[in-house]
Amino acid sequence: MMPLVESFTEETTSYVNEGWTIRVADELRSTNSIAGRLPPWTAVRARVQTDGRGRTGRYWVSDEGGLWLSAVVPCPGERAKWSILPLAAGWAFITALEKLGVKNLRLRWPNDIMVGRRKLAGLLVERYTEQTAVVGIGVNVFNHPERGEPELSGATARLADLLEGNYTLDDITQVLLHSLRAAHATLLEKGFAVIADELNHRWGKPRLVCVTLTGRDETFSGQFHGIDSHGRLQLATPREGFQLYDPTQIELLRELE
Ligand code: BTN
């Protein structure tokens, strides 16, 4: 369980939309850490994050003009059953962006939203309590992440360059939250298999990847072939043939092509 580390120290504006209570702050360290102590169906957005966090402990550049959003969803029942939530959230957000008219999107396992080799959005799903999860998403929209981190030059995509209409960060927030709620309902009502099918259409061509296993100093390469109906990663390696890996077994997956 993650520690509860941050609380609001400033005024936020708050509004309700489609069952979500959305709190908007000017500057936070990380919207995920704030959201960790809030009730289900609350979302937190910040203009900037001073200590934005990415997967595997990386720093996430969160400059003005990007969408930095964390949404609290209920996770009733056994904890293990929710291990597929990061995949389901990736599906929710990619379909939301497709509905806005963004073309040529694909997912990079487990839930990076990509345009070709450029990263448009990343997700960080964390559990701070037994009965809820925080789904954090960072989307490059009008911001310039490469100005803060020059090594990101050529590695990121921005929604502003991909969208035809004039959307505000509020508009995009609402579309993303709507889709997350719908994906949550699909998980509860129909189970993950339906979502797995949908996800498998969105990985793009099979790719050569380099995988690091959790807690082991072991790295190997293989061909990524999507996921099975339980969310397990399907990898073909020259030595072991076709293998299934639970998401928790994989620390890092890097595309090699
Ligand atoms: C990644 O691709 O490594 C995940 C990036 C997740 C960034 C978002 S921005 C909103 C939320 N708050 C954080 O500190 N991180 C997530």
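All figures in this text were calculated on a predicted structure; none of them were measured in a lab. If you read the sequence from its start, that first residue is 1, and numbering goes on from there. Counting convention: from 1, in listed order, for ligands and their atoms alike.
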Practice task
Examine ligand 1 and decide if any of its atoms is less than 4.0 Å from a heavy atom belonging to Ser62.
Solution key: no

Handout entry: Side-chain donor or acceptor of Asn111 paired with backbone N/O of Pro86 under 3.5 Å
Key = yes

Handout entry: Other residues, nucleotides, ligands: >12 heavy atoms within 6.0 Å of Glu151 CD
Key = yes

Practice task
Can you sort out which atoms of ligand 1 are near Leu69, meaning under 4.0 Å from one of its heavy atoms?
Solution key: 10 (C)

Fill in the blank from the handout: Closest to atom 9 (S) of ligand 1 among protein heavy atoms sits Gln49 NE2, 3.3 Å

Exercise for the section: Report yes or no: does a heavy atom of Lys119 sit under 4.0 Å from some atom of ligand 1? Expected result: yes

Fill in the blank from the handout: When distances are taken from atom 10 (C) of ligand 1, the protein heavy atom at minimum range is Thr31 OG1, 3.2 Å

Practice task
Would you mind listing which atoms of ligand 1 come within a distance below 4.0 Å of any non-hydrogen atom of Asp112?
Solution key: 2 (O)

Handout entry: Ion pair Glu126/Arg53, N-O distance below 4.0 Å
Key = yes

Handout entry: Any donor-acceptor N or O pair under 3.5 Å, side chains Asp246, Thr248
Key = yes

Problem - Atom indices of ligand 1, in the order listed, that fall short of 4.0 Å to a heavy atom of Gly52 - result: 14 (O)

Practice task
Taking the six-membered ring for Trp and the single ring otherwise, decide whether the centroids of Trp41 and His184 are under 6.0 Å apart.
Solution key: yes

Practice task
Identify, for atom 16 (C) of ligand 1, the protein heavy atom at the shortest distance, and state residue, atom and that distance.
Solution key: Arg53 O, 3.8 Å

Practice task
State, without any angle test, whether Gln49 and Ser62 hold a side-chain donor-acceptor pair at a distance under 3.5 Å.
Solution key: yes

Handout entry: Check: Trp68 N/O within less than 3.5 Å of ligand 1 N/O
Key = no

Completion exercise
Going by the 4.0 angstrom heavy-atom rule, the piece of Ile137 near ligand 1 is backbone

Completion exercise
Counting from 1 in the order shown, the ligand 1 atoms closer than 4.0 Å to a non-hydrogen atom of Gly54 are 1 (C), 3 (O), 4 (C), 5 (C)

Practice task
Using a cut-off of 6.0 Å, state whether more than 12 heavy atoms not belonging to His225 lie near its atom NE2.
Solution key: yes

Practice task
Please report which non-hydrogen protein atom sits nearest to atom 3 (O) of ligand 1, along with the residue it belongs to and the distance in Å to one decimal place.
Solution key: Arg55 N, 2.7 Å

Exercise for the section: For atom CZ of Arg239, decide whether the heavy atoms of other residues, nucleotides or ligands shown that lie under 6.0 angstrom number more than 12. Expected result: no

Completion exercise
Rounded to the nearest 0.5 Å, the CZ atom of Arg127 sits from the CG atom of Leu85 at a distance of 8.0 Å

Practice task
Report yes if Trp60 has an N/O atom closer than 3.5 Å to an N/O atom of ligand 1; otherwise report no.
Solution key: no

Practice task
Tell me which protein heavy atom sits closest to atom 4 (C) of ligand 1, plus the residue, atom name and distance to 0.1 Å.
Solution key: Leu123 O, 3.4 Å

